[in-house]
Trainee: 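I'd like to ask you about the structure that follows.
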Amino acid sequence: MSRADALVLIMAAGLVAFSYASFWAPAAPGSELRIVQGDSELMRLSLSSDQVLEVAGPAGITHVEIRDGAARCASSPGPRGICEGAGWLREAGDVAVSLPNRLIIEVLGQAERFDSLNY
Amino acid sequence: MKAGVRLCLFLGVIGITALLTACDRPDIHRDRFIAFGTVIELSIYSSDARAAAEAAQLIREELEEMHQAWHAWQPSLLTQTNELLALGHELLIHPQLLPLLEDARRLSEASDGLFHPGLGQLFALWGFHSDEPLGPSPSDEEITALLDAHPSMQDLIIDAGFIKSTNPALQLDLGAYAKGYALDQLSDLLRKQGIENAIINAGGDLKAMGRPGKRPWRIGIRDPNNGVLAGIDTRDNEAIFTSGDYERYFEFEGQRFHHILDPRTGYPARGTRSVTVIHENAAQADAAVTALFVAGPERWLDIAQQMGMHYVMLLDDEDVLHVTEPMQNRLVLERQPAAVRVYRP
């Protein structure tokens with residue numbers, strides 16, 4: 001085998017390794033917040049940027065706070081405080097819901113222990 | 001190395017690379033949205049992201065249609081039917097409602113009436129015909145007056161596509177059944193779309209199809225005290241339903257009233273924190289889980305047998321886990337209850 005042959009083989013093997021890593025390797029756990037209203041995704045946000053958002057819905061304003069890598073439903077319409085009661089959302093799969101405002105606030109990622117929760 | 005061999009080797013490696021990049025890796029495509037008055041979570045295991053997105057859209061549309069047809073208190077096909085039944089009319093039943101009502105009546109009988117989809121007036125009396133019930137609880141007199149009218153699913157006469165009620169106190173409310181029926185329909189729909197591996201979770205109750213690759217779907221069952229009580233791996237085409245006292249409730253004058261009403265007393269059922277069942281038919285599972293919650297620690301095993309449920313667990317209000325042996329064999333407990341009692345059905 002000539003040096004050129006070896007070079008071609010090394011380059012090709014490198015290309016295979018790169019393709020595997022890019023397209024087949026498991027995705028890393030995410031640190032992203034997704035906000036859905038009804039059946040439409042409103043936005044995706046990084047959990048690393050502290051901020052407070054106002055999301056308008058049919059029942060009023062929901063305040064979503066992002067701080068220190070976590071998010072919470074800080075205030076929302078609804079007499080029982082179900083959305084606020086979800087507390088800080090940190091782990092992939094953590095979710096807060098405001099049915100009056102038709103909002104789902106969820107942390108995305110691949111690290112969930114269960115595929116789905118039954119309740 | 002000869003030039004021809006070298007070229008073949010190079011093209012072979014490039015070909016494998018191209019194959020790897022051309023196919024998408026099979027993955028779980030998860031989507032959450034609000035429909036049917038609750039949070040829907042759809043997990044589809046597929047290498048075709050576009051097909052998964054199209055299936056999700058189809059599910060949304062289908063759920064909206066079902067919601068509009070079966071809603072118990074907002075104007076719907078069901079509320080129209082209730083209004084006409086209350087007036088004593090005989091009416092041609094809509095084909096969308098007929099199979100639901102026939103099955104609901106059969107399941108009500110099998111549960112000794114503990115699953116009672118004809119108690120809409122009682123649910124309205126308790127304020128559970130609203131998105132966020134706030135109380136107050138009804139008076140004893142109001143409840144007694146309604147129960148004295150003895151609304152029963154036997155009052156519903158279904159004959160040759162026509163329906164009639166012999167009791168004006170009967171008001172249909174499919175809240176403890178329609179979700180299961182919907183999940184059966186939706187899983188069939190997904191299969192027709194070529195989706196074989198998925199979970200449709202509607203507000204906590206779910207149907208699982210196939211598996212995500214070589215492992216089964218892993219489901220966590222909520223602990224009424226928060227967290228996860230147990231994990232379970234599903235088999236193909238299994239529905240898991242749980243009814244708990246934490247789902248819909250209101251607090252009034254320091255007392256908590258949940259939404260699972262006992263048709264015998266007219267009050268929220270006592271003695272049970274949560275019940276979970278697994279069954280291939282989601283509609284049956286939905287009806288059964290309500291009936292077993294009402295049956296409580298004393299009668300749940302008899303009712304489970306009558307309704308053909310083999311995989312059942314019930315957590316009572318003293319933190320004792322009552323579980324059938326087949327269910328016990330599949331559960332992985334995440335925390336130890338005060339006691340575990342295993343029953344051989």
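Chain letters run A, B, ... following the sequence lines, proteins first and then strands; every chain starts at 1.
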Trainee: Would you mind telling me which of B/R215, B/E64, B/Q57 has the largest number of heavy-atom pairs within less than 4.5 Å of chain A?
Mentor: B/R215
Trainee: Check whether any side-chain N or O of B/R256 sits under 3.5 Å from a backbone N or O of B/Y246 as a donor-acceptor pair, and report yes or no.
Mentor: no
Trainee: Working to the nearest 0.5 Å, report the span between CG of A/N118 and CZ of B/R222.
Mentor: 11.0 Å
Trainee: Side chain, backbone, both or neither: which part of B/L134 has a heavy atom under 4.5 Å from chain A?
Mentor: side chain
Trainee: Identify which part of B/E334 has an atom lying under 4.5 Å from any heavy atom of chain A, answering side chain, backbone, both or neither.
Mentor: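 Only the side chain of B/E334 comes within 4.5 Å of chain A.
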Trainee: Relative to chain A, which segment of B/F241 carries a heavy atom at a distance below 4.5 Å: side chain, backbone, both, or neither?
Mentor: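 When you check distances to chain A, only backbone atoms of B/F241 fall under 4.5 Å.
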Trainee: Are A/D94 and A/R72 ion-paired here, with the side-chain N under 4.0 Å from a carboxylate O?
Mentor: no
Trainee: Tell me, for B/I199 versus chain A, whether the close heavy atoms (under 4.5 Å) come from the side chain, the backbone, both or neither.
Mentor: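 B/I199 touches chain A through side-chain heavy atoms alone.
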Trainee: Hey, which of B/D223, B/D205, B/I232 has the most heavy atom pairs under 4.5 Å with chain A?
Mentor: B/D205
Trainee: I'd like to verify something: which residue of B/A208, B/G37, B/G204 has the highest number of heavy-atom pairs under 4.5 Å with chain A?
Mentor: B/G204
Trainee: Using non-hydrogen atoms and a 4.5 Å limit, figure out which bit of B/T38 sits close to chain A: side chain, backbone, both or neither.
Mentor: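 Contact with chain A involves the backbone of B/T38 alone.
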Trainee: State plainly whether the residues B/D245 and B/R273 are in salt-bridge range, i.e. N to O under 4.0 Å.
Mentor: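 Salt bridge: yes.
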Trainee: Between A/S116 and B/N201, is any side-chain donor less than 3.5 angstrom from a side-chain acceptor?
Mentor: yes
Trainee: Start with the C-alpha gap between B/M309 and B/V289, add the side-chain angles, then the distance that decides, and say whether side-chain contact (heavy atoms from CB on, under 4.5 Å) holds.
Mentor: CA-CA 9 Å; B/M309 296 289 140; B/V289 84; over 6 Å; no
Trainee: Relative to chain A, which segment of B/R32 carries a heavy atom at a distance below 4.5 Å: side chain, backbone, both, or neither?
Mentor: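 Both parts, backbone and side chain.
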Trainee: When you measure from the side chain of A/Q37 to the backbone of A/A56, do you find a donor-acceptor pair of N or O atoms at a distance under 3.5 Å?
Mentor: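 Yes.
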Trainee: Side chain, backbone, both or neither: which part of B/Y45 has an atom under 4.5 Å from a heavy atom of chain A?
Mentor: neither
